[in-house]
Amino acid sequence: GWDLSFDQGATWQDSDRDDASSGYFIRLQTSIVPHSSYSLFAEYSIDWDESDSGTERTDSGRLRLLWVPRDTLSLSGEIRLRRLQDDDQFSWQYSASWLPLRDGSLQCVLAYSEEEDRDGNRTRSFTPSLTWEVTHYATLSLRYSRGEQETNNQINSFETAFLNFRIFYD
């Protein structure tokens, strides 16, 4: 199948501490599913953010390919381009997702991503994560990320860990 969507919106914010700001966006999305195992997703959006210091325009584009070879395994690749004024950022991510339990209550994901800007600054990271649906109304997520950030011929390593317990109400 094929679908196409267009949406637009506006935001407005006023704060005692910060300047008032407003924003507008338009977004065009499409997805193509030529087979139940394959899908292709594309999106393009333009955001305009206005504040006392002026108007900033951000253009974003994204292309994602998803392959589901088995009911419990999926592989994906994504490319993203973002342009803010004259600064370009390019990123890509590859991931594999596995559901070891038939009911889908446990999800294991391995992801690798890279991001690069116009100046050649680059960030690479490897991120395994685990999400468990404890009950129908609660999930427990654990994510660990390890990577390197290259800026001005310096390489900095980083590690982050994230633990989240979420409760949903009906």
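The figures here come from the full heavy-atom set of this structure, side chains too, leaving out hydrogens, waters and symmetry mates.
- Between S74 and L66, some side-chain heavy-atom pair lies under the 4.5 Å cut-off.
- With sequence neighbours excluded, the residues that form a side-chain contact (heavy atoms from CB on, under 4.5 Å) with D47 are F25, S45, T58.
- With a 6.0 Å radius and a threshold of 12 heavy atoms from other residues, nucleotides or ligands, W67 has its CH2 atom at or below the threshold.
- Note that CH2 of W92 is 9.0 Å distant from CD1 of I79, once rounded to the nearest 0.5 Å.
- Here the OG atom belonging to S21 is positioned 4.5 Å from the CD atom belonging to Q13, to the nearest 0.5 angstrom.
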Let me check something: any side-chain donor-acceptor pairs from residues 142-154 under 3.5 Å, sequence neighbours excluded? List them with distances.
unit_1 : atom_1 : unit_2 : atom_2 : d
Y144   : OH     : E159   : OE1    : 2.4
S145   : OG     : T127   : OG1    : 3.1
E150   : OE2    : R124   : NH1    : 2.9

Distance-only criterion, 3.5 Å: show the donor-acceptor pairs between side-chain atoms of residues 2-11 and protein atoms not counting sequence neighbours.
unit_1 : atom_1 : unit_2 : atom_2 : d
W2     : NE1    : T30    : OG1    : 2.9
D3     : OD1    : S31    : OG     : 3.3
D3     : OD2    : S31    : OG     : 2.8
S5     : OG     : Q29    : OE1    : 3.2
D7     : OD1    : R27    : NE     : 3.1
D7     : OD2    : R27    : NH2    : 2.8
T11    : OG1    : G23    : N      : 3.3

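- Rounded to the nearest 0.5 Å, atoms CD1 (I26) and CD1 (I46) are 4.0 Å apart.
- Scanning for side chain to side chain donor-acceptor pair (under 3.5 Å) contacts around R166 gives an empty result, with sequence neighbours left out.
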Can I get a per-line list of side-chain donor-acceptor pairs under 3.5 Å for residues 106-118, giving both atom names and the distance, sequence neighbours left out?
unit_1 : atom_1 : unit_2 : atom_2 : d
Q107   : NE2    : S97    : OG     : 2.9
Y112   : OH     : E114   : OE2    : 2.5
S113   : OG     : S125   : OG     : 2.9
E114   : OE1    : R122   : NH1    : 3.3
E116   : OE1    : R122   : NE     : 3.3
E116   : OE1    : R122   : NH2    : 2.4
D117   : OD1    : D119   : N      : 3.1
D117   : OD1    : G120   : N      : 3.2
D117   : OD1    : N121   : N      : 3.0
D117   : OD2    : N121   : ND2    : 3.2
R118   : NE     : D86    : O      : 3.4
R118   : NH1    : D86    : O      : 2.7
R118   : NH2    : D86    : O      : 3.3
R118   : NH2    : D88    : OD2    : 3.1

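- Note: F41 CZ to L65 CG = 13.0 Å, rounded to the nearest 0.5 Å.
- Listed by chain and number, the residues in a salt bridge (charged side-chain N to carboxylate O under 4.0 Å, His left out) with R82 amount to none (sequence neighbours excluded).
- By the ring-ring contact (aromatic ring centres under 6.0 Å, His included) test, Y44 is found to be paired with no residue, residues two or more places apart in sequence or in another chain being considered.
- Counting non-hydrogen atoms of neighbouring residues, nucleotides and ligands closer than 6.0 angstrom, the OH atom of Y94 reaches no more than 12 such neighbours.
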Donor-acceptor contacts, no H, no angles, side chain residues 130-137, under 3.5 Å, sequence neighbours left out:
unit_1 : atom_1 : unit_2 : atom_2 : d
T135   : OG1    : Y137   : N      : 3.0
T135   : OG1    : A138   : N      : 3.2

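- Evaluation of the side chain to side chain donor-acceptor pair (under 3.5 Å) rule for D71 yields no partner, not counting sequence neighbours.
- Taking the side-chain contact (heavy atoms from CB on, under 4.5 Å) definition, one finds that V33 meets it with S39, sequence neighbours left out.
- Residues satisfying the side chain to side chain donor-acceptor pair (under 3.5 Å) test with S76, not counting sequence neighbours, are S95.
- Residue L81 holds its CG atom at 7.0 Å from CZ of F90, rounded to the nearest 0.5 Å.
- With sequence neighbours excluded, the residues forming a salt bridge (charged side-chain N to carboxylate O under 4.0 Å, His left out) with E43 are R62, listed by chain and number.
- Residues T72 and L101 are not in side-chain contact: their nearest non-hydrogen atoms beyond the backbone lie 4.5 Å or more apart.
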